[in-house]
Amino acid sequence: MRQFIEGSKAVALAVKLCKPGVISAYPITPQTHIVEELAQLVADAELKAEFVNVESEHSAASLVLGSTACGVRSFTATSSQGFLLMLEVLFNIAGMRLPLVMTCANRSVSAPLNIWNDQQDSMTARDSGWIQLFAENNQEVVDLHLQAYKIAEDKDVLLPVMVCMDGFILTHGAEVVDIPEQTLVDKFLPPFNLINKLDINNPKTLGAFADPDYYMEARFAMQVANDNALKVIPRVAGEFSKVFGRDSGGLFEGYRIEDAEQVIVSLGSLVGTIKEAVDELRREGKKAGVLKLITYRPFPASAIYQALKNVPEIAVVEKAVSLGLSGPLYADLKSSFSCSAKRTNKISGFVIGLGGRDVTKDSIKEIFDLLSKEEKACRFIGLKQG
Amino acid sequence: MADAIKTLFKPGHTACAGCGQAIAARLVVDTAGPNTIIANNTGCLEVFSSKYPETSWGVPWIHSLFENAAAVASGIESALKYLGIKDKVNVIAQAGDGGTADIGLQALSGMWERGHDILYVCYDNEAYMNTGCQRSGLTPFEANTSTSPSGKQSLGNLRPKKPMPEIAVAHGIPYVATASVGYPQDVQRKVKKALSIKGTKYIQIHVPCPLGWRHLPGLTFDIAKLAVETGLYPLIEYEEGKLTQVRNLLKVKPVEEYLNPQGRFKHILNSPEAVKLIQQIADRNIEKYSLMETKA
Ligand SMILES: Cc1ncc(C[n+]2csc(CCOP(=O)(O)OP(=O)(O)O)c2C)c(N)n1
Ligand SMILES: [Mg+2]
């Protein structure tokens, strides 16, 4: 059903459709509305689940780790400082191969303290083994949550999935969103069936201690699972469009890139603004395009290379920075071109919109203009002058 | 061989000779029985019992991190509730003293406050033993550990033990007890009793560590008993916030008998004033819990 609702409520309704049995979270802006909505759904008996209020994000993540280990579909959400406090547990969840789903309502990290949007928080988990999906708008937010459980629980994957949505811009923005029917979701998403779980009828040891004889194989298995996910994610997107009749998800989306001479690669809601700028530039006769990366981890390096190898000028525009280097996505993208010995593409990196700094169409056009200048790994766009 | 021994905590693990924690952990799981799920913090017990690809555990058992067993167990309990099978399954969270009283205290307080139907067991060997005997909040006064060494201007650990049982009681949970591996039947009775009560339970078991306390491995039981017999480790039980049982002492032994065989107190044995301070702790316990009075 199509509804005009806030993004956080859309997440809650999507999560409800996935029928989680245990939900635990801790308040932090801008994530809070999501779990408030879920708390209300449970209070109103619209969702049969244990909703557990905990004393920290570390415990929220640990709690859903425990419930997922019992084979019960579970959910948590956080942002920023809460995300960082969870980080130890997030690595652990991935290492234990527990297919949890969480939402990261993207927000900057302190210091300075700032509650507004960028994507620095989830970037800190890019090496954790979590699959990271980024949404452009709230329809995609809904669709990615439905797909996230299916991807995570796939027997060839068994990795947790994080749906990243820009704080405030998406979490607090209201738009018309189609919330699918339960019957369709049930058709798409089978019940959760975890083989390696805590069960008194079949006692197993989970989270064993691995010495140097075994540790590396366990980590390698996670790398293989990530490779598998690169195949499973598009397949799940295909099944999604069959059941729900719309295209959503997958590894990335190319927008006007076929003949493009200049392409911006970006993540999240920023892509909406870039698409508008691209449309305007196209009207002016410039061959601009945008590649929206949906799946950031696993990183679809060779697919991106195939899509962009003939584009002369490429920009990576992102709301995060690996301080001392460049934007993290820039470094990743650059590495996906390492297979070509004589690269002629110019690839530049731009950091934008940190801590909620407004990103305008004009700043995007400025980036397109800068692309023909020398290749540079890290330019900050939108800094105050003087 | 192993099959011949009926236990849910199988031998062959890598605990040190005389490890009090290994004995206590076996008592706990065997008393709880097969319908039990355990969440274990990082620490000696986890390391010596779960080295891949082997395991000592005959019940479903999970280890996540150092400080989160209480939260992981809360998730397990919530999942069992959701599945409608909580009444059939015991949930136990267990950890060392450091994982309980220091880094895990926040998660534990949250678990207590939420009232989950979980038994939390703290194996109190009075230091971070897994990392080589550093002090914890449950290290006793004047004990020499690697981070509370004695020296020219130090008599060892500066502070007395954190009053964990009282902190537990203050949370309003229905059952709190201390126990000692020196009294195995008492451990079994308390575990059984705790598991018969719905709600959150806390048992803290005193478990000597021959390596860290520097005593002969054969003395584990004797030393555990001496801690009780001197009044340094009172065995107490609280139900619904009231002190309902204490283990009475017919004759109180001087603390020197407990301190003498342990290398961790060697530095104070020639200092009567330092020993006196420990005797005072025992004396206060004896008075506070009326350890010398026989209950009517
Ligand atoms: C967050 C974190 N900090 C520190 C450690 C290192 N560490 C692992 S076990 C341990 C000591 C455990 O002490 P205790 O809980 O008393 O258990 P014991 O080994 O004495 O049985 C420490 C410090 C860790 N694993 N995780
Ligand atoms: Mg210890």
Side-chain angles (χ1 to χ4, degrees), chain A residues 19-24 26 48-74 76 85-86 88-93 95-96 98 100 192 194 196-211 213-215 217-218, chain B residues 8 14 33-40 42 46-86 88-91 93 103-104 106-114 116 118:
Chain A
K19 301 181 177 168
V22 177
I23 299 166
S24 183
Y26 190 84
K48 181 189 172 285
E50 297 292 320
F51 184 94
V52 193
N53 285 301
V54 282
E55 81 299 332
S56 76
E57 286 88 353
H58 197 284
S59 283
S62 301
L63 197 141
V64 291
L65 181 160
S67 55
T68 305
C70 292
V72 171
R73 197 174 274 158
S74 304
T76 188
L85 190 57
M86 264 190 192
E88 187 197 22
V89 192
L90 296 185
F91 272 76
N92 195 251
I93 289 167
M96 293 180 77
L98 295 171
L100 176 70
F192 182 31
L194 187 66
N196 257 334
K197 65 179 174 187
L198 298 169
D199 175 5
I200 53 167
N201 298 314
N202 186 7
K204 284 183 180 161
T205 289
L206 305 188
F209 160 63
D211 70 8
D213 259 355
Y214 292 98
Y215 181 84
E217 280 68 26
Chain B
L8 296 164
T14 58
N35 292 344
T36 301
I37 299 177
I38 295 180
N40 211 131
T42 310
E46 164 263 327
V47 171
F48 70 64
S49 67
S50 77
K51 187 166 152 299
Y52 188 83
E54 277 148 16
T55 179
S56 285
W57 298 99
V59 297
W61 181 95
I62 185 170
H63 158 255
S64 165
L65 296 163
F66 183 22
E67 67 277 48
N68 67 351
V72 172
S74 299
I76 293 167
E77 188 249 22
S78 302
L80 297 176
K81 255 162 92 185
Y82 171 76
L83 295 170
I85 55 172
K86 177 62 202 78
K88 287 187 229 149
V89 185
N90 305 311
V91 180
I103 198 166
Q106 175 177 318
L108 178 55
S109 172
M111 181 196 105
W112 282 336
E113 177 246 313
R114 292 188 297 269
H116 292 280
I118 296 170

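First the proteins, then the strands, lettered A, B, ... as listed; each starts at 1. Hydrogens, waters and symmetry mates play no part in the numbers below; they use all other heavy atoms, side chains included.
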Can you name the closest pair of heavy atoms from [X] and [Y] and give their distance?
| X | Y | value |
| --- | --- | --- |
| Tyr82(B) | Val72(A) | CD2-CG1, 3.7 Å |
| Gln106(B) | Ser56(A) | NE2-CB, 3.0 Å |
| Ser78(B) | Val52(A) | OG-CG2, 3.5 Å |
| Cys70(A) | Leu83(B) | O-CD1, 4.3 Å |
| Ala208(A) | Tyr52(B) | CB-CB, 4.2 Å |

inquiry  = Suppose we screen for side chain to side chain donor-acceptor pair (under 3.5 Å). Which residues come up paired with Thr36(B), at least two apart in sequence or across chains?
reply    = Asn90(B)

inquiry  = Less than 4.5 Å to any heavy atom of chain B: does that hold for the side chain of Lys197(A), its backbone, both, or neither?
reply    = neither

key: Atom group of Ser24(A) that falls short of 4.5 Å from chain B, counting heavy atoms   = neither

key: Pairwise distance CD(Glu67(B)) to OG(Ser62(A)) - rounded to 0.5 angstrom   = 7.0 Å

note = Taken to the nearest 0.5 Å, the spacing of Ser74(B) OG from Leu65(A) CG works out to 12.0 Å

ask   = Would you say Lys204(A) has more than 12 foreign heavy atoms packed within less than 6.0 Å of its NZ?
value = yes

Looking at chain B, which one of [options] has the largest number of heavy-atom pairs inside 4.5 Å, strictly under?
| options | answer |
| --- | --- |
| Asn201(A), Ile93(A), Thr68(A), Asn53(A) | Asn53(A) |
| Leu198(A), Val22(A), Val64(A), Val89(A) | Leu198(A) |
| Asn92(A), Asp199(A), Val54(A) | Asn92(A) |

Side chains of [X] and [Y], heavy atoms from C-beta outward: is any pair under 4.5 Å?
| X | Y | answer |
| --- | --- | --- |
| Trp57(B) | Pro203(A) | no |
| Glu55(A) | Ser109(B) | no |
| Glu54(B) | Thr205(A) | no |

Checking heavy atoms, do the side chain of [X], its backbone, both or neither come under 4.5 Å from chain A?
| X | value |
| --- | --- |
| Val59(B) | backbone |
| Glu113(B) | neither |
| Ile85(B) | neither |
| Ala107(B) | both |

request  = May I ask you to name which of Glu46(B), Arg114(B), His116(B) has the most heavy-atom pairs under 4.5 Å with chain A?
outcome  = Arg114(B)

inquiry  = Which one wins on heavy-atom pair count under 4.5 Å against chain A: Asn68(B), Ile76(B), Leu65(B), Ile37(B)?
reply    = Leu65(B)

